[in-house]
Every structure is written in C-alpha cells, then in structure tokens.
Amino acid sequence: MLNQIKEFFRVLGELKYLIPVLRYKFPDPEDNTSLAHSFQDTSARFPDRPFLYFENEDWTYDQTNKAANALARYLKKTGVNHGDRIVLFMENRPSFVVSLLALNKIGAIAVLINTSLTGDPLIHCINSSDSIKCIFGAERSQPLEDVLDKINICKQEDFLWVEDTSKYPLPNWAMDLNAAVDLNNDQNLDETNSVKAKDIACYIFTSGTTGVPKAAICPNQKLLAASINIKMAGYRIDENDCMHNSLPLYHSTGLLLGLCAVIQAGASTFIKRKFSASTFWEEVQKYNTTALVYIGELCRYLANHDPSPAELNNPLKVMVGNGLRPDVWDTFKDRFAVERIIEIYGASEGNALFMNLLNKDKTIGMTNADVALIEYDVAEDNILKGADGFCKKIITHDPGLLIVRIGPNAVFNGYTDAQATEKKILRDVFEEDDAWFNTGDLIKTVDVGYALGKTHYQFVDRVGDTFRWKSENVSTNEVGEILNGFQDVNMSNVYGVKIPGCEGRAGMAAFSLEDSVSFDWQAFSEYVENSLPKYARPLFIRIIQEMDTTGTFKLKKNDLRNEAFDISKVTDPIYCLKPNSGNYEVLDIEWLQTINSEQAGY
C-alpha cells in the first residue's frame with residue numbers, strides 16, 4: 001500500500017511535464033518553420049556552446065551553422081533549388097549533419113541512404129528518389145563506383161565527395177566538395193525564410209532489404225513535432241546536457257529522437273560511426289553524457305558485456321528509444337542506475353507516437369492518437385472480421401493488430417510510392433469510409449498501476465511478412481523474391497526465427513530442390529552476399545520436400561517458424577551462416593548447442 005501511495009504522488013508530479021505536450025499543436029503547414037529555423041535559433045542563443053563531439057573534433061553551434069550556410073550557398077549556386085532531391089550517403093560524422101542542415105536551409109530534400117546498402121538496393125534508392133546530385137562520404141566511394149553505370153546521376157560535378165581519412169582518395173568520377181565551398185560565405189540565407197512546415201525535409205527509407213525499399217516522407221512539420229515533444233516530456237534536457245548517439249543518422253531514431261531533440265534543447269551530442277559496447281562507458285564518462293538514444297539491440301550488448309569500472313557512478317540519467325526488452329530493462333534500472341527509461345513506439349512513415357512519459361516499467365507508454373487493437377489471425381496472416389464485415393476490436397489484454405485513425409491530427413504522409421502508401425491504409429474498418437494506418441505490429445494493453453487514466457501499451461511482435469533484425473525491418477516477401485532469383489531455387493518461404501539472447505528475429509528460408517546433391521552452395525552463398533544487405537540475409541536455410549500452402553496458395557509460415565532450426569526435432573537438412581562467415585554450412589548439434597547457450601555471437 002505504501003508503494004502504491006508513493007507511486008500515486010510520483011505520477012502526479014509528472015503532470016507539469018505532460019501538460020505542455022498535451023497542449024502542443026502541430027505547426028501550421030504554411031508556417032515558416034523547419035529544422036534549419038530551429039538550428040539557427042539555437043545557434044543565436046548558444047553560439048559558442050559545443051554541439052558535436054566526434055572522434056578528435058569539437059564543433060560549436062556557430063561553427064556548424066556557418067559551415068552549413070557556406071555549403072547551402074554553394075549548392076544554391078550550382079543549381080540546387082527548393083524541392084530538389086539530393087542523395088546523402090555518408091556515415092555518422094559532422095559532415096553528414098552539416099550537409100543535412102545545408103539542404104534544409106534551401107528547402108531541398110535530403111534522401112538519406114542506408115550506408116550498408118550495395119548493388120540493386122542502392123541503385124533503387126538513388127534512382128527512385130529522382131535525385132539530381134549525390135553528397136557522399138569518401139568511405140562510401142566503392143559501393144557507389146560499383147553502380148555508376150546503373151544510376152541516373154552521371155555527371156562528375158553532381159558527385160560531391162566529402163573527405164574522410166587518407167585511406168580513401170578522391171575518385172576521378174567525383175569532385176572534392178570541401179575544396180569547392182567558400183567557407184567565408186557563411187551568412188544565414190534569405191532562402192531559409194521561404195522554407196515551410198509542410199515542406200519535405202528528408203526521405204527515410206524504411207526497408208533496405210531488396211531492390212524495392214520504400215522512402216517514407218518526412219516533412220518539417222513531423223520532424224519538429226517529434227523532436228520538440230521528445231525533448232520536452234521525454235529527455236527533459238537543456239543546454240547543459242550531452243547525448244550519446246551512436247545510432248545511424250539516416251534512420252528516424254538516431255535523427256528525430258537523437259540529433260533533432262538535441263537541437264531543440266541547445267544541448268551537445270557525441271556521435272559515432274558505429275556503436276561499441278567495449279568503449280561505451282568510457283565515452284559516457286569522457287563526454288559526461290547524461291542522455292542516451294537507443295535501440296534494443298544496443299542495450300542488450302551493454303547488458304551482456306562484462307562490467308566496466310566506468311559504468312560505476314556514470315552520469316547517464318535518461319534514455320529514449322525503442323525495442324528495450326523487459327529483461328534488459330531491469331539491468332539498466334538496477335545495474336546502470338538509469339533513472340528514466342522512455343521507451344517509444346512509432347514508424348518513420350507512421351502517424352502516431354507512443355511514449356512512456358510517466359516512466360513506467362516495461363511499456364511503450366501512451367499516445368494521444370486515436371488507435372485501436374483489432375483481432376488478427378497470426379497463423380493465417382490476416383485480419384479477422386465480424387458478421388457485419390467490419391473489424392473486431394480487442395477488449396482484453398490480448399495482443400491485437402495496432403491501427404491508427406488517419407485524420408487532421410494524425411496525418412499519414414506515406415511513401416513516395418503511391419501504391420505502397422495505399423497498401424498501408426485500411427478502409428471501412430469500423431464504419432464506411434473510415435481510414436486507418438496499418439502498423440503491421442501486434443500490441444497489447446498492460447496494467448501499469450496508476451497512470452492518470454491513460455491506457456498503456458506493450459509491443460509484442462511484427463506480424464505477417466515483416467520481422468525485425470539488427471534494428472532493421474525485413475520483408476520476408478521481398479527477401480524471398482531475391483532468393484527465388486537464384487537459378488536452382490523455385491519458391492522460397494522466408495520467415496523470422498528467434499535466436500536465444502538476441503533481439504528481434506533472424507531470417508530463415510525454406511525451399512525444395514530438385515537435386516540437393518548437386519546444389520552449388522558456394523555460388524548460392526555468393527549470390528546472397530551480393531544481393532542482400534547483411535541484416536536481410538537468411539542465417540538459416542532449411543531444405544524441405546514440398547512447399548506447404550494455404551487454400552489461397554499463401555505460403556504457410558507458422559509451423560516452419562515454430563520449428564525454426566531445431567535439428568533435434570526436424571529431419572530436414574538445415575544450413576547456417578555463422579557470424580563473420582559468408583558461406584552456408586551444415587548446421588550440426590555442436591553449433592546448435594552453441595546457439596542455444598547464447599554464445600554464437602549473432
């Protein structure tokens with residue numbers, strides 16, 4: 001009873017932070033506001049405050065703003081105008097941030113490309129965006145060079161190379177961007193005053209699993225609303241704080257929840273090319289990072305890592321992100337003494353954001369959006385409907401498919417592909433002519449105790465043809481189409497399977513072979529490596545006798561998913577990709593035991 005009373009008064013104390021969020025109004029589409037406006041305002045308030053820490057570099061707000069101005073003026077002079085699309089293909093570093101701000105200052109659209117993409121997926125992202133130039137880091141020169149003859153950017157002056165280390169020389173098909181920019185021409189631009197809330201700030205690709213990724217449209221309005229609310233009620237940081245951000249800035253978590261929230265607060269941020277569990281706590285101490293933007297996989301790496309002296313008395317007080325599993329949650333509260341864990345839920349293209357604003361345990365929190373959980377048949381992979389033809393709401397704590405009503409306060413911007421956008425919309429759900437965004441996720445309600453009457457939710461799993469691995473959403477249908485492109489594979493069935501000790505689900509594929517003896521596993525391994533990003537490659541292959549389908553010829557996944565790669569129960573031969581290996585090999589009992597003991601290193 002005493003704990004309940006304490007919790008009651010603690011929650012009441014949260015109201016002063018919640019009220020501004022509840023009263024927050026989205027910017028009017030015609031308002032002259034953008035990421036660039038926010039950055040310029042923050043730079044004017046805190047010109048000499050540190051903004052970026054990166055390797056051996058420190059950047060102040062003023063320094064960054066002037067560099068972005070100089071680049072924006074150069075881009076404008078060379079023909080980049082309001083609404084033009086420019087590819088940004090670069091690892092996390094200050095030049096990425098400067099380029100993003102520069103494009104926003106002139107109202108151009110930054111096409112943010114996943115830096116792990118190569119081959120066909122990279123070609124598609126560039127060509128489908130209809131971009132006129134490509135700003136790329138020297139470290140990504142080789143993947144670009146490999147596809148030069150297949151992309152619609154072809155002039156040397158349109159490939160803007162940004163120096164990295166001496167390891168990467170300037171290629172003869174690109175020009176040195178830093179050498180071309182006049183750094184003295186660094187005043188704010190008049191053009192920024194014409195950038196509006198409705199203007200598109202960037203495209204964020206939601207799936208890089210095949211040659212058909214989808215570009216989610218992110219207008220300034222959405223970018224600002226997410227970052228302002230996360231800053232106010234999530235992090236609760238100000239100009240005295242510093243955030244640790246090792247998530248890719250081409251993704252919405254690292255960008256909107258990380259970098260943009262920092263800008264709204266006037267805080268500092270440490271950015272890194274790639275996360276490292278072995279150096280994390282030393283970085284936290286060195287830069288006095290009080291805030292962390294996370295994904296679940298990152299947190300599990302830290303939880304499983306050997307204790308470090310640097311984790312003791314660490315300054316980290318708040319973390320915001322998604323995918324933190326319940327068992328790891330306790331580690332961060334107890335072992336690492338993090339006071340606030342603000343788990344969020346939302347998709348790059350989605351029209352709702354859930355936030356654990358009351359700092360409850362093991363929940364994605366609440367939302368102001370009009371949402372519903374509807375009955376979904378996981379085995380048959382379809383939505384259940386009543387006798388009246390409408391969907392059926394979940395009225396218990398059972399999992400259901402989360403949908404969000406589309407309306408003026410929950411706009412679904414969708415993708416650049418109109419057909420892909422329409423596929424995500426459910427119509428005539430509860431009444432004729434209503435429209436809802438289909439998240440593709442199973443969610444359930446949870447009892448978190450006193451919560452101001454606000455319903456709280458918990459993420460359960462992806463449904464249907466999508467699963468999540470290494471912080472990426474992987475489409476099983478699209479991966480299957482790629483596998484089917486190999487000469488001896490007729491029809492592959494791709495699904496996600498659980499690996500002990502790992503977040504999300506790893507890819508597994510099942511297919512039959514006319515002649516399994518002569519199947520060329522070396523050629524198949526090379527084909528998979530060249531055709532799919534690392535996170536989308538199936539880690540397990542099961543050779544089956546005959547493909548099992550439903551009455552409507554949909555591939556059955558449920559039994560395959562449940563049986564997974566357990567060769568003690570499955571008689572079919574199963575092959576696996578071991579960590580740091582590019583070749584499939586037979587899965588044996590010894591390796592299965594290694595996997596089950598959480599020592600495989602996946």
Side-chain angles (χ1 to χ4, degrees), residues 83 85 87 109-114 116-117 119-131 151-152 198 200-219 221-223 250-253 255-256 345-353 369 374 376 381-383 401-407 410-429 434-442 462-469 471-485 494 496 507 531-533 535-536 554-555:
R85 289 162 289 279
V87 167
I109 301 169
V111 179
L112 307 182
I113 305 290
N114 187 323
S116 69
L117 294 186
D120 288 341
L122 179 59
I123 294 168
H124 177 82
C125 286
I126 294 174
N127 289 347
S128 66
S129 70
D130 198 25
S131 296
I151 58 178
N152 55 17
K198 67 179 181 182
I200 300 171
C202 57
Y203 292 161
I204 299 177
F205 286 88
T206 60
S207 174
T209 56
T210 74
V212 288
K214 298 183 289 294
I217 298 170
C218 184
Q221 184 185 47
K222 180 175 181 177
L223 186 152
Y250 57 74
H251 266 182
S252 55
T253 305
L255 179 61
L256 275 68
Y345 169 87
S348 298
E349 74 278 27
N351 60 339
L353 184 66
I374 58 176
Y376 190 88
D381 192 18
N382 59 38
I383 296 170
L401 176 66
L402 174 68
I403 59 176
V404 186
R405 185 186 289 273
I406 298 171
V411 177
F412 176 47
N413 299 113
Y415 313 101
T416 55
D417 183 332
Q419 289 185 332
T421 298
E422 185 59 32
K423 286 181 180 179
K424 294 294 288 185
I425 300 176
L426 299 178
R427 301 186 185 277
D428 303 326
V429 175
D434 63 353
W436 297 70
F437 168 64
N438 180 1
T439 66
D441 289 327
L442 290 175
R462 302 290 295 176
V463 300
D465 296 328
T466 303
F467 61 88
R468 193 166 179 82
W469 180 246
S471 78
E472 298 282 352
N473 291 334
V474 182
S475 168
T476 59
N477 283 342
E478 294 173 354
V479 172
E481 289 174 7
I482 290 292
L483 298 183
N484 293 344
V494 180
S531 302
L532 290 165
Y535 55 79
K554 289 184 179 180
L555 295 172

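Here the structure is a predicted model, which is why all the values come from computation and not from measurement.
The side chain to side chain contact (heavy atoms under 4.5 Å, CB included) test with Ser129 singles out one residue from Asn152, Ile109, Val111, and that residue is Val111. For the pairing with Tyr203, the side chain to side chain contact (heavy atoms under 4.5 Å, CB included) check across Ile113, Thr416, Leu112 returns one residue only, Thr416. Between Ser252 and the options Ser348, Cys218, Cys202, a side chain to side chain contact (heavy atoms under 4.5 Å, CB included) holds for only Ser348.
Within the 3.5 Å criterion, the main-chain N or O of Ile482 finds no donor-acceptor partner in the side chain of Ser531. No donor-acceptor distance shorter than 3.5 angstrom exists from the side chain of Asn351 to the backbone of Phe412, with no hydrogens or angles considered.
Between Asp130 and Arg85, at least one side-chain N (NZ, or NE/NH1/NH2) sits under 4.0 Å from a carboxylate O, which counts as a salt bridge. Using a 4.0 Å cut-off between charged side-chain N and carboxylate O, Lys222 and Glu349 make no salt bridge.
A 4.5 Å side-chain heavy-atom check between Ile200 and Ile217 finds at least one atom pair inside the cut-off. The shortest distance between side-chain heavy atoms of Leu256 and Ile204 falls below 4.5 Å. Taking 4.5 Å as the limit, some side-chain heavy atom of Leu483 sits within range of a side-chain heavy atom of Val494.
Minimum interatomic distance between Phe205 and Ser128 (heavy atoms only, all atoms of both residues): CE2-OG, 4.4 Å.
Tyr376 contributes atom OH, which lies 7.5 Å from atom CG of Asn438 (distance to the nearest 0.5 angstrom).
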